[in-house]
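Heavy atoms only: backbone and side chains are in, while hydrogens, waters and symmetry mates are out.
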Amino acid sequence: MLSLERELLTVIVKPLIKTMLLLASALAAMNSHALTRYESDIEESRWSLSGDIFECTLAHPIPHFGIGEFIKEAGEPMKFVLHPQNEKIGPGQVYIISQAPSWIPGISPETLEIMPYPGYGLTVEVGGKVAEQMLTSLDRGRHPVVTGSAWENGRESVEVALSNINFNPAYDEFRRCMASLLPVNFEQIARTAALFPTNGVELTDRIKRRLDLVALYVDADPTIEYIYIDGHTDIIGSRRDNRELSKERAERVTEYLLKKGIAPEKIVSRYHGERYPAADNRKNDGRERNRRVTIRLERSSNNAQSLSEPSP
């Protein structure tokens with residue numbers, strides 16, 4: 001009886017165990033190929049800074065994938081942009097994850113963001129708090145990772161990791177660059193409206209603070225060719241009086257900018273009275289918007305507008 005059991009064990013059970021082991025090995029091998037990870041190794045991990053008073057960029061090449069960039073533009077929140085060189089991540093959802101390094105086991109990854117992704121080799125972009133968290137993660141020695149489905153096979157995964165090797169020296173430069181950024185960018189300062197009370201011509205503290213930003217930006221950006229200053233009024237009063245009132249308002253703004261060091265040849269000052277309302281003069285809030293001086297910056301590469309055209 002015992003010899004029969006041994007024979008059965010040899011003939012049936014042992015081959016079955018061997019088959020199960022082979023199957024387990026095959027599954028492990030399949031799982032190991034189900035994830036493709038792109039990351040710089042220790043020898044090639046690089047972070048580089050480029051920037052000026054308008055924008056700072058901290059860039060990290062990722063071999064065989066593309067490049068990741070942290071970008072801080074003057075007056076704007078931080079953002080992170082991942083630029084693929086080709087279609088590695090397929091359409092679906094992508095996850096922004098903060099992972100602990102492999103030599104510190106037992107620390108769970110932290111999901112920072114989940115977002116839709118169309119694929120087609122397009123950029124992955126996150127801004128504000130998530131980009132700040134990614135930078136903090138790198139500063140703490142962790143690895144921010146962008147992960148999604150593989151383009152060729154949606155059942156496989158792709159991970160794109162940012163290496164923290166050589167990060168800190170470049171990050172210190174990045175922070176110094178950010179500290180030197182202007183408080184506003186061109187889009188934020190290119191058009192400004194200074195509002196006045198009824199029959200008012202005095203510049204309020206709020207108007208002066210805005211004009212201070214205009215002067216600061218114009219002094220820093222050599223591409224600014226003209227500053228158009230247009231005075232306006234509401235419809236209350238005679239046309240003659242309104243024209244004189246709009247002239248005085250425009251002159252007050254012009255005088256303030258000249259005192260701030262703006263070159264006179266850059267300023268084109270005009271006054272229009274009630275001719276160009278920005279809102280309905282039949283309503284109180286409309287008349288309030290019409291009692292204004294507009295300040296518009298024009299760059300030398302965008303010099304096609306007629307000097308006769310007031311800004312709205």
Side-chain angles (χ1 to χ4, degrees), residues 35-52 54-104 107 109-152 156-179 181 185:
L35 172 63
T36 303
R37 185 178 175 98
Y38 298 94
E39 183 178 15
S40 298
D41 60 28
I42 294 176
E43 291 77 14
E44 61 185 358
S45 179
R46 292 186 293 108
W47 289 89
S48 59
L49 173 72
S50 61
D52 50 29
F54 303 106
E55 182 178 292
C56 301
T57 301
L58 184 61
H60 178 59
I62 303 162
H64 310 295
F65 183 87
I67 188 167
E69 292 181 327
F70 290 96
I71 302 170
K72 181 69 170 72
E73 185 182 356
E76 299 289 350
M78 177 82 65
K79 65 181 178 180
F80 171 77
V81 183
L82 182 65
H83 302 273
Q85 292 174 337
N86 46 43
E87 297 172 350
K88 294 282 179 43
I89 302 178
Q93 288 185 320
V94 293
Y95 297 76
I96 313 296
I97 299 170
S98 174
Q99 291 181 348
S102 58
W103 58 87
I104 306 179
I107 300 179
E110 178 185 359
T111 301
L112 305 180
E113 183 67 288
I114 303 172
M115 56 189 294
Y117 178 66
Y120 303 104
L122 299 177
T123 60
V124 177
E125 181 173 331
V126 292
K129 182 180 178 181
V130 177
E132 296 279 0
Q133 289 175 318
M134 293 174 72
L135 274 174
T136 301
S137 176
L138 283 161
D139 194 36
R140 291 165 51 199
R142 296 171 68 97
H143 299 284
V145 175
V146 178
T147 182
S149 301
W151 178 267
E152 299 85 356
E156 297 183 2
S157 297
V158 171
E159 287 187 353
V160 185
L162 307 183
S163 169
N164 56 36
I165 305 299
N166 299 321
F167 169 75
N168 290 106
Y171 185 39
D172 290 340
E173 293 182 28
F174 186 53
R175 285 186 287 195
R176 285 192 289 270
C177 181
M178 290 191 292
L181 287 171
N185 58 52

>> Run the side chain to side chain contact (heavy atoms under 4.5 Å, CB included) test against Pro63 and tell me which residues pass, sequence neighbours left out.
In response: Ser40, Glu44
> Mind checking what makes side-chain hydrogen bond (donor to acceptor under 3.5 Å, both in side chains) contact with Ser149, not counting sequence neighbours?
Replying inline: none
>> Using side-chain heavy atoms (C-beta onward) and a distance below 4.5 Å, is Leu112 in contact with Glu110?
In response: yes
>> Using 0.5 Å steps for rounding, measure from the CD1 atom of Ile62 to the CG atom of Leu162.
In response: 5.5 Å
>> Can you list everything that forms a side chain to side chain contact (heavy atoms under 4.5 Å, CB included) with Leu135? Sequence neighbours excluded, please.
In response: Leu58, Phe70, Met78, Phe167, Tyr171, Phe174
> Between CD1 of Ile71 and OG1 of Thr57, what distance do you get to the nearest 0.5 Å?
Replying inline: 5.0 Å
Donor-acceptor contacts under 3.5 Å from residues 80-88 side chains, at least two apart:
residue: His83; atom: NE2; partner: Glu69; partner atom: OE1; Å: 3.2
residue: Asn86; atom: OD1; partner: Lys88; partner atom: NZ; Å: 3.1
residue: Glu87; atom: OE1; partner: Trp151; partner atom: NE1; Å: 3.3
residue: Lys88; atom: NZ; partner: His64; partner atom: O; Å: 2.4

> Among pairs that include at least one residue of residues 125-150, which meet ring pair (Phe, Tyr, Trp, His ring centres under 6.0 Å), considering only residues two or more places apart or in two chains?
Replying inline: none
> Which residues satisfy the side-chain hydrogen bond (donor to acceptor under 3.5 Å, both in side chains) test with Gln93, sequence neighbours excluded?
Replying inline: Tyr95
>> Can you list everything that forms a side chain to side chain contact (heavy atoms under 4.5 Å, CB included) with Pro61? Sequence neighbours excluded, please.
In response: Arg46
>> I'd like to check the side chain to side chain contact (heavy atoms under 4.5 Å, CB included) partners of Glu73; sequence neighbours left out, ordered by chain and number.
In response: Glu55, Glu76, Asn185, Glu187
> At what distance, to the nearest 0.5 angstrom, does CD1 of Ile97 lie from CE of Met134?
Replying inline: 10.5 Å
> Are Ile96 and Pro144 side-chain neighbours, meaning at least one heavy-atom pair lies under 4.5 Å?
Replying inline: no
> Partners of Asp52 by side-chain hydrogen bond (donor to acceptor under 3.5 Å, both in side chains), sequence neighbours excluded?
Replying inline: none
> Does His60 have any ring pair (Phe, Tyr, Trp, His ring centres under 6.0 Å) partners at least two apart in sequence or in another chain, and if so, which?
Replying inline: Trp47
> Between NZ of Lys129 and OG1 of Thr136, what distance do you get to the nearest 0.5 Å?
Replying inline: 11.0 Å
>> For Val160 and Val124: C-alpha separation, side-chain torsions, deciding distance, then whether side-chain contact (heavy atoms from CB on, under 4.5 Å) applies.
In response: CA-CA 11 Å; Val160 185; Val124 177; over 6 Å; no
>> Whether the side chain of Ser137 engages the backbone of Ser98 through a donor-acceptor N/O pair (distance < 3.5 Å, no angle test) should be reported.
In response: no
>> Applying side-chain hydrogen bond (donor to acceptor under 3.5 Å, both in side chains), can you list everything that pairs with Thr147, at least two apart in sequence or on another chain?
In response: none
>> Under the criterion side-chain contact (heavy atoms from CB on, under 4.5 Å), I'd like the reasoning laid out for Ile107 against Arg142: C-alpha separation, chi angles, the key distance, then a yes or no.
In response: CA-CA 10 Å; Ile107 300 179; Arg142 296 171 68 97; 3.4 Å; yes
>> In the structure I gave you, are the side-chain heavy atoms of Glu39 and Val145 within less than 4.5 Å of one another anywhere?
In response: no
> How many angstroms lie between atom CD1 of Ile89 and atom OG of Ser157, to the nearest 0.5 angstrom?
Replying inline: 10.5 Å
> Which heavy atom in Ala59 sits nearest to a heavy atom in Ile67, and how many Å separate them?
Replying inline: CB-CD1, 3.9 Å
> Can you find a pair of side-chain heavy atoms, one from Thr36 and one from Phe65, that are under 4.5 Å apart?
Replying inline: no
> If you round to the nearest 0.5 Å, how far is CD of Glu173 from CG of Leu49?
Replying inline: 5.5 Å
Counting only pairs under 3.5 Å, give me each side-chain donor-acceptor contact of residues 114-123, with atom names and distances, residues two or more places apart or in other chains.
residue: Tyr117; atom: OH; partner: Leu122; partner atom: N; Å: 3.3
residue: Tyr117; atom: OH; partner: Leu122; partner atom: O; Å: 2.6

